Each structure stands twice: as structure tokens, then as C-alpha cells.
Amino acid sequence: MFGAWYKNMKLDNMFKKSQVFTLTEGEREQKSEVPEGLLRKCNLCKKVILTEDVENGYYICPKCGGYYHMPAMERIQMIADQDSFEEWDRDMRPVNPMRYKGYLDKLKLQQEKTGLKEAVVTGRAKLDGNDVVLGVCDGRFLMASMGENVGEKIARAVERATEMQLPVVMFACSGGARMQEGIVSLMQMAKTSAALKRHSEAGLLYISVLTDPTTGGVTASFAMLGDIILAEPGALIGFAGPRVIEQTIGQKLPKGFQRSEFLLEHGFLDGIVERKQLKETLSQIIRLHQRQELSENVPERAEIKEAGEKRKKRLEAWDRVLKSRKSDRPSGSDYIKALFTDFVEFHGDRSYGDDAAVLGGVARFHGMPVTVIAQEKGKGTKENIAHNFGMPKPEGYRKALRLMKQAEKFGRPVICFVDTPGAFCGIEAEERGQGEAIARNIYEMSALSVPVLSVVVGEGGSGGALALAVSDEVWILENAVYSILSPEGFSSILWKDSSKAKEAAKIMKITAENLYKQNIVEQVFEEPEELTAENIHAVTDKMEAEMQSFLKKYTVLSKEELREHRYQRFRGM
């Protein structure tokens with residue numbers, strides 16, 4: 001369990017080295033009547049606070065909300081179910097591979113000061129009843145630098161997790177490689193990464209949580225290899241530290257550089273989670289990665305009319321184009337809310353950025369975990385701009401592909417909602433490889449070994465839409481369109497006159513009815529006269545029943561059958 005040393009440890013000793021909060025001599029004299037250790041001064045906001053408030057408040061300053069470094073066993077107590085933690089490999093023989101003078105004495109001193117044997121604590125625990133393997137770095141022990149024993153403990157924990165078929169949750173905090181162990185420390189980057197590769201190939205979940213600071217060789221190995229990568233707010237995360245970078249380039253770094261928020265914006269994190277919400281968030285993610293069959297309990301739905309049935313009021317192609325573009329038409333996020341539960345959004349392409357034009361994550365559909373990806377336009381000018389009017393950049397397509405490959409690893413069906421005028425056309429998109437990103441999605445989707453469904457809910461513009469529509473089936477809403485490009489672009493290219501868009505829309509055969517007749521789509525869903533987020537259930541109630549039928553049909557197929565079916569679907573076009 002936690003050990004007697006933990007029960008007797010005082011906050012004063014925990015933070016003696018880092019001096020997260022202190023009192024000046026004058027303040028001590030003024031408060032001489034206050035028992036020693038009762039009050040502290042926050043180094044972040046400079047206000048005097050009660051030590052007990054910090055200890056009982058997730059190590060967060062009650063005045064300014066600043067995060068303090070959290071000891072490993074405190075963090076385990078916060079995350080693990082009560083009395084469920086079983087520590088592994090606590091006592092390991094100290095090593096000095098470089099025979100560095102005084103190093104073993106330094107290790108012994110660190111052990112006495114912290115009550116830890118090394119800079120990481122590993123073991124098995126329950127998290128809301130789910131078995132997990134935990135690894136928690138503790139910055140009080142030589143800045144949680146990674147030496148041979150740290151790497152060995154992590155590798156052993158991951159190996160045991162692989163053998164026991166358990167997910168791994170790792171809390172990273174480190175100054176990087178341990179200098180006193182030289183090249184042997186460097187090799188721990190390879191050791192831990194190789195163990196995680198085997199864990200991943202076994203189809204198991206690895207969640208990495210980055211805390212302040214996470215730098216150097218730890219960042220460049222196990223910290224950044226999670227299937228899901230989360231971070232605490234404001235955590236310093238980077239390979240080279242800011243001081244090293246400033247000294248190297250001779251420039252002052254911008255505010256917020258290498259902080260969690262910076263990494264989220266640049267596509268390297270799935271999310272930033274407040275410390276108080278970490279257990280709940282981790283529990284939800286772990287539950288979403290557990291296999292669960294589709295629930296049979298589905299309410300009766302109104303009969304779905306055959307695709308192509310004539311409506312009382314027949315609309316021209318151009319009228320449907322205009323309806324598909326209406327500002328109050330439901331966006332991708334509306335369909336996610338209407339059809340799924342427990343949705344957790346994940347961010348970033350792990351390469352450059354997080355594109356708000358593509359929304360993706362994991363959710364449940366009638367109890368079954370599914371990966372959901374939607375092109376998102378938003379509503380109103382402010383949201384439209386924030387989501388780039390639903391026009392994805394390369395990082396949007398790469399985020400979508402990352403989530404699809406993750407779904408394949410965990411055996412989850414993929415459901416995509418298509419609504420884009422087309423891929424973003426701009427200098428930066430070309431610089432970052434827009435064509436390659438779209439091509440890669442089409443290439444990889446054609447052979448995904450899980451069921452894939454795509455629904456065109458608005459505009460389906462060109463390759464920007466196809467990059468999320470290489471699926472086992474493609475469905476479309478009655479007033480959605482799917483085309484080689486916009487009618488304006490079509491008429492501009494062929495007739496050198498964009499004003500003939502209305503005529504072009506008719507010739508292009510881009511309506512749901514035309515697409516169904518050409519076997520481009522398998523189903524068409526009727527809409528109310530004016531489809532909005534308020535009456536979206538008129539469509540999603542019917543869609544929900546059909547989705548269940550789709551999943552029943554395709555989840556029983558083998559990987560080979562799914563790939564062959566998808567190949568033949570497009571081979572025949």
C-alpha cells in the first residue's frame with residue numbers, strides 16, 4: 001500500500017526543496033503565535049495561505065488557482081480507488097553505471113528526504129473499479145530525471161500491463177535524462193518506447209498525462225507516445241528547456257511558449273484537464289475503450305420512406321444547394337449531440353496543429369464505443385470564422401486519420417459527418433501538404449479493418465469531402481449535395497462565367513436523388529421543410545435506427561471481408 005513513510009510525511013518536508021510557498025522572516029515574526037507550518041506564502045500570487053487548504057485542495061493555491069508540484073503518492077491517492085494501489089518494484093538496487101563520484105551518496109540523500117526509492121512509482125490500481133497500471137513521476141527526486149532504474153521500472157510496468165491486458169496511465173514530470181548516468185540514461189528512451197510499442201501492438205490503451213515540467217528525454221520518449229495525451233493547465237512541456245533555447249538562439253521567447261495551451265494549439269495534445277477533473281476524465285476514457293456490444297433496446301421509429309420518393313414540393317438543384325449552405329442548418333456537432341452519448345473530444349494531428357474545422361473523438365452509440373468525426377462549420381459569423389467555415393486544412397485531415405487509425409487499433413466503428421465547401425485553399429495549406437493529407441486519408445480509409453459510415457449532412461465539396469467518405473456506405477440528407485466542386489467553380493472553369501452556377505447545379509447532378517440513382521449513396525433521409533438544430537430529431541430519429549442496422553450488419557464481418565467490401569464498392573464506380 002502507500003507505506004508508513006507516506007502517512008507521516010508533512011507538506012513542509014514535501015516542498016522544502018522546491019519552496020513552492022514560503023514566508024519571509026518578517027512575516028514569521030509577525031505571526032509568531034501561529035504554529036510552525038500552518039501558514040505558507042504562495043510564490044505565484046504572493047498571498048499567505050493555509051498549508052492544510054493546499055494539502056486538501058489537490059495542491060492548488062486557493063487564492064490564485066496556481067498548480068503546485070504534486071508528490072507521487074498524493075497523486076495516486078487522488079486517482080486510484082481507496083486502498084486499491086499495489087506498488088511494484090519499490091526496492092531496486094541503486095546503480096552508478098558511469099561511476100560518477102558521489103552519485104550513490106546523492107541517491108541515498110534523496111531517498112531519505114523524499115521517502116521514495118526512485119523518481120517514479122509504478123503499480124496496479126483500480127480507477128472507478130477498472131484495473132489499470134499506473135506510473136507516476138515525482139519531481140522531488142532529482143527532478144524526476146530518467147536514469148536506468150526509472151526506465152527499468154517503467155518498462156517492467158508496461159510489460160506487466162501487456163501480459164495482464166491492462167491499460168497504462170502514466171503521469172510524466174521530469175527534467176529529462178539523468179546526467180550522472182550518461183549514455184545509459186539515454187538508452188532508457190529506447191527501452192521505454194519499445195515496451196510501449198509492444199503494448200500498443202497488443203491493442204491496449206496508453207494514456208499519458210503531462211505535468212509541470214515535462215522536458216528532455218522523457219518528452220522525447222514515453223511522455224509523447226500515448227494513444228491519448230492529456231496535460232494539466234499551464235504545464236511546461238518541451239524537449240529543450242526555455243533557458244537553453246533562449247541561450248541558443250539569443251532571443252526572448254514569447255509568453256506561454258511550451259506551455260500546455262501552446263501544445264494544444266499546435267496539435268500535440270488531446271486535451272487539457274483540470275486536476276480536480278482528472279480522475280473522472282480518465283475513467284470516462286478508459287470505459288470508452290472497453291468492448292461493449294450494441295444494445296438491442298431501441299425505441300420504435302417512424303417508417304423510413306424509400307430514397308427518391310417524390311415530395312409534394314419538388315425543389316430545383318440550386319434550391320437544394322442553397323439549403324445545404326443555410327447558416328442555421330445543423331452542424332456536425334449537432335448530429336453528435338443528437339445521436340451519441342458520452343462524447344469525449346480529442347484534439348490535434350500530433351504534427352502541426354489542431355484544426356477546428358474537424359471535430360473528433362470517442363462516444364457511445366447505444367452502449368457501443370464508436371469513433372465520431374465531423375466537419376464543423378459552426379453557427380454565426382464568430383463560430384464560422386473559428387471553424388474556418390468548415391474548410392479543413394491538412395492538420396484537420398491528419399487529425400481525422402489519427403483518430404481513424406486509433407479506432408482501428410481498438411476495434412471501434414467509425415462514423416463521419418461530411419459538411420464542407422471543400423478543403424481550405426491557401427498558401428499555408430499547400431505548404432503543409434493539403435494534397436498529400438487528403439490522398440493519405442483516402443488511401444488509409446480504403447483499407448480500415450473496422451466498419452466505416454459517412455453521412456453527408458450539408459455540402460459535400462470535392463476531395464475535401466471524399467477524404468472523410470471512403471466508407472462501407474455513404475448516406476445523404478435530402479437537401480445536402482455532393483459534388484466534384486461547387487457549382488460556382490464548375491461554371492467558372494467550364495464556361496468562364498461563375499454567374500451560371502444555377503444552371504451548373506442542374507447539369508452536375510449533385511442532389512441526393514441523382515446520387516442515389518448513380519449508386520454513389522446508399523440512403524437518402526427526408527428533411528423537414530426547414531431543417532434546424534431545434535427539429536433535427538425529425539432526421540436523426542430515422543438515422544439512428546438505420547445506424548443500428550448498419551452496425552449490426554458490418555460489425556459481424558471479418559477484417560478481410562470489410563476491406564474487400566469497401567474495395568469492391570469503389571471498384572464498381
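Just so we're clear, the structure is a prediction, and the values are computed from it rather than from any experiment.
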Under the ring-ring contact (aromatic ring centres under 6.0 Å, His included) rule, what pairs show up with a residue in residues 369-401, not counting sequence neighbours?
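Checked against ring-ring contact (aromatic ring centres under 6.0 Å, His included) - neighbours excluded - no pair reaches residues 369-401.
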Got a second to check how far [X]'s [atom1] is from [Y]'s [atom2], nearest 0.5 Å?
X: Asp355; Y: Met391; atom1: CG; atom2: CE; result: 10.5 Å
X: Ser208; Y: Phe171; atom1: OG; atom2: CZ; result: 9.5 Å
X: Leu50; Y: Lys63; atom1: CG; atom2: NZ; result: 8.0 Å

Are the side chains of [Y] and [X] in contact, using a 4.5 Å heavy-atom criterion?
X: Gln406; Y: Arg412; result: yes
X: Val121; Y: Asp138; result: no
X: Asn130; Y: Gln290; result: yes
X: Gln188; Y: Ser221; result: no
X: Val169; Y: Ile286; result: yes
X: Thr122; Y: Val133; result: no
X: Arg75; Y: Arg275; result: yes
X: Leu230; Y: Leu282; result: yes

Result of checking Asp270, Asp349, Asp354 against Lys399 for salt bridge (Lys or Arg N to Asp or Glu O under 4.0 Å)
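For Lys399, the salt bridge (Lys or Arg N to Asp or Glu O under 4.0 Å) test succeeds with only one of Asp270, Asp349, Asp354, which is Asp354.
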Is it true that [Y] and [X] share a donor-acceptor pair across their side chains at a distance under 3.5 Å?
X: Tyr100; Y: Arg178; result: no
X: Glu74; Y: Tyr59; result: yes
X: Asn384; Y: Thr381; result: no
X: Ser331; Y: Glu376; result: yes
X: Glu274; Y: Tyr58; result: no

When the ring planes of Phe417 and Phe340 are compared, do they come out parallel, tilted or perpendicular, using 30° and 60° as the limits?
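Correct class here is perpendicular.
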Suppose we screen for ring pair (Phe, Tyr, Trp, His ring centres under 6.0 Å). Which residues come up paired with Phe257, at least two apart in sequence or across chains?
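If we apply the ring pair (Phe, Tyr, Trp, His ring centres under 6.0 Å) test to Phe257, skipping adjacent residues, the hits are Phe262.
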Can you give each donor-acceptor pair under 3.5 Å made by side-chain atoms of residues 239-252, sequence neighbours left out, with the distance rounded to 0.1 Å?
residue: Glu246; atom: OE2; partner: Leu253; partner atom: N; Å: 3.2
residue: Thr248; atom: OG1; partner: Val244; partner atom: O; Å: 2.7

Tell me the salt bridge (Lys or Arg N to Asp or Glu O under 4.0 Å) pairs involving [range], sequence neighbours left out?
range: residues 212-228; value: Asp212-Arg259, Asp227-Lys409
range: residues 416-434; value: Lys377-Asp419, Glu395-Arg432
range: residues 146-155; value: Glu152-Arg156, Glu152-Lys191

Lys337, NZ atom: more than 12 neighbouring heavy atoms under 6.0 Å:
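No, not enclosed.
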